[in-house]
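Notes for the one structure printed next.
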Amino acid sequence: MLDSDSHAGRVALVTGAGRGIGRAIADAHAAAGASVIYLDHDAALVEEAAAAATARGWRAVAVTADVADEASVAEAVRRGTEALGPVTLLVNNAGISPKTGSAGGKAFVWDMQADEWRRVLDVNLTGAFLVTRAVVPQMREARYGRIVSISSVAGRTYCDIVGVHYAATKAALIGFTKHLAGELGPAGITVNAVAPGRIDTPLMRGTSAETNEAVRQATPLQRLGTPEEVAAVCLFLTSDKAGFVTGQVCDVAGGWLMT
Ligand code: NAD
């Protein structure tokens, strides 16, 4: 449905682009003709990802930043836009899901440390706010923008494989999305969320084989998803063709959750 150069002439910023879903999203945008700022706090990962993109003939630049750090985000956006131009497409993907705790790696509320709670909120929620705030002026100037934030099925219903800190941030990203859709719509900026189910990435490989098998069986499509399947939905939402879609949450979960 999208042309092969559907995103030509656009500049996209993807956070957490060093690996997993974020890297697939960044690659999909670059393959569709966008110039892409690959942002991650892991310098080695993100430089390798952007170098691989450049080697494929795509326009890409790597920037290293912690999305939870205001100064680091401002500097990364400054360097990225200096290299590629003003950002009109943003995917807030960077996220963490710590599984420390006393019970088999799962973080239950009764043994969750306040520092751990704060760090998950800082990265998953405040990070999306800081990066969005940094690029929205460029979108308002262009009177065009697309913002997609990666939520989770865990932000929409109880999910026993994550902690309450993670679930709270993924639910909050849905409120963040709906509010900003209202606030930024008059400026020609759409704001949506994507809620993946179980996707096969390094983040999820820390989970036991039994848990992954239980999720697979509970999923009507009977398998885990791939990063590329999440990227394809993001690519549609950041395209011109999705111009009348805003304030929505799109599940990419193999039918694990149906509402
Ligand atoms: P991942 O751990 O494989 O990749 C996350 C990337 O984000 C890494 O490259 C990491 O270095 C980067 N990152 C982490 N903290 C950062 C920070 N503070 N600043 C900048 N970069 C940072 O994870 P993934 O599975 O690809 O998940 C990507 C997103 O999708 C996350 O928001 C996650 O919550 C969400 N998600 C994943 C799944 C799944 O099953 N994998 C399901 C639902 C939602």
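Owing to the predicted nature of the structure, the values given are computational and were not obtained by experimental measurement. Ligands are counted one by one from 1 in listed order, and the atoms in each one are counted from 1 as well.
L203 CB, 3.2 Å is the protein heavy atom nearest to atom 23 (O) of ligand 1. Ranking protein heavy atoms by distance to atom 39 (C) of ligand 1, first place goes to M204 CG, 3.4 Å. The closest protein non-hydrogen atom to atom 12 (C) of ligand 1 is D40 OD2, 3.3 Å. Here the heavy atom of the protein found nearest to atom 1 (P) of ligand 1 is R19 NE, 3.3 Å. Regarding atom 21 (N) of ligand 1, its nearest protein heavy-atom neighbour is H41 N, 3.3 Å. Summary of contacts: the protein heavy atom closest to atom 36 (N) of ligand 1 is Y166 OH, 3.5 Å. When only non-hydrogen protein atoms are considered, atom 24 (P) of ligand 1 lies nearest to T201 OG1, 3.6 Å. What sits closest to atom 6 (C) of ligand 1 on the protein, heavy atoms only, is G16 O, 3.6 Å.
Using modelled atom types, one finds no donor on one side chain facing an acceptor on the other under 3.5 Å when comparing N192 with T177. When only modelled atom types and interatomic distance are considered, T238 and H29 share a side-chain donor-acceptor pair under 3.5 Å.
Electrostatic pairing of E48 and R23 counts as a salt bridge here, judged by a charged N lying under 4.0 Å from a carboxylate O. Looking at R119 and D122, no side-chain N of the basic residue comes within less than 4.0 Å of a carboxylate O on the acidic one, giving no salt bridge.
At a heavy-atom cutoff of 4.0 Å, ligand 1 is contacted by the backbone of R198 but not by its side chain. With a 4.0 Å heavy-atom cut-off, ligand 1 is reached by the backbone of N93 and by its side chain too. At a heavy-atom cutoff of 4.0 Å, ligand 1 is contacted by the backbone of A65 but not by its side chain. Residue contacts with ligand 1 for A195 are absent, since no atom lies close enough (heavy atoms, distance under 4.0 Å). By the criterion of a heavy-atom distance under 4.0 Å, the side chain of V123, and not its backbone, is placed next to ligand 1.
Checking G197, G22, G155, A44 against atom 42 (C) of ligand 1, the nearest heavy atom belongs to G197. Of the options V194, I96, I21, V14, the smallest heavy-atom separation from atom 26 (O) of ligand 1 is shown by I21.
Side-chain contact check for L237 versus R146: every heavy-atom pair is 4.5 Å or farther apart.
At least one heavy atom of K170 sits less than 4.0 Å from an atom of ligand 1. Ligand 1 has D66 within reach: a non-hydrogen atom of the residue lies less than 4.0 Å from it. Within the structure, ligand 1 has S151 among the residues with a heavy atom less than 4.0 angstrom away.
Remark: R216 CZ is packed, more than 12 non-hydrogen atoms of other residues, nucleotides or ligands lying under 6.0 Å away. More than 12 heavy atoms of other residues, nucleotides or ligands lie within 6.0 Å of CZ in R78, so this atom counts as buried by the packing criterion. Other residues, nucleotides and ligands place no more than 12 heavy atoms under 6.0 Å from the CD atom of E141.
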What do the steps show when you test R79 against E82 for salt bridge (Lys or Arg N to Asp or Glu O under 4.0 Å), and what is the final call?
CA-CA 5 Å; R79 277 188 289 120; E82 196 174 88; over 6 Å; no
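Here the shortest heavy-atom pairing between T88 and A142 reads CG2-CB, 3.8 Å.
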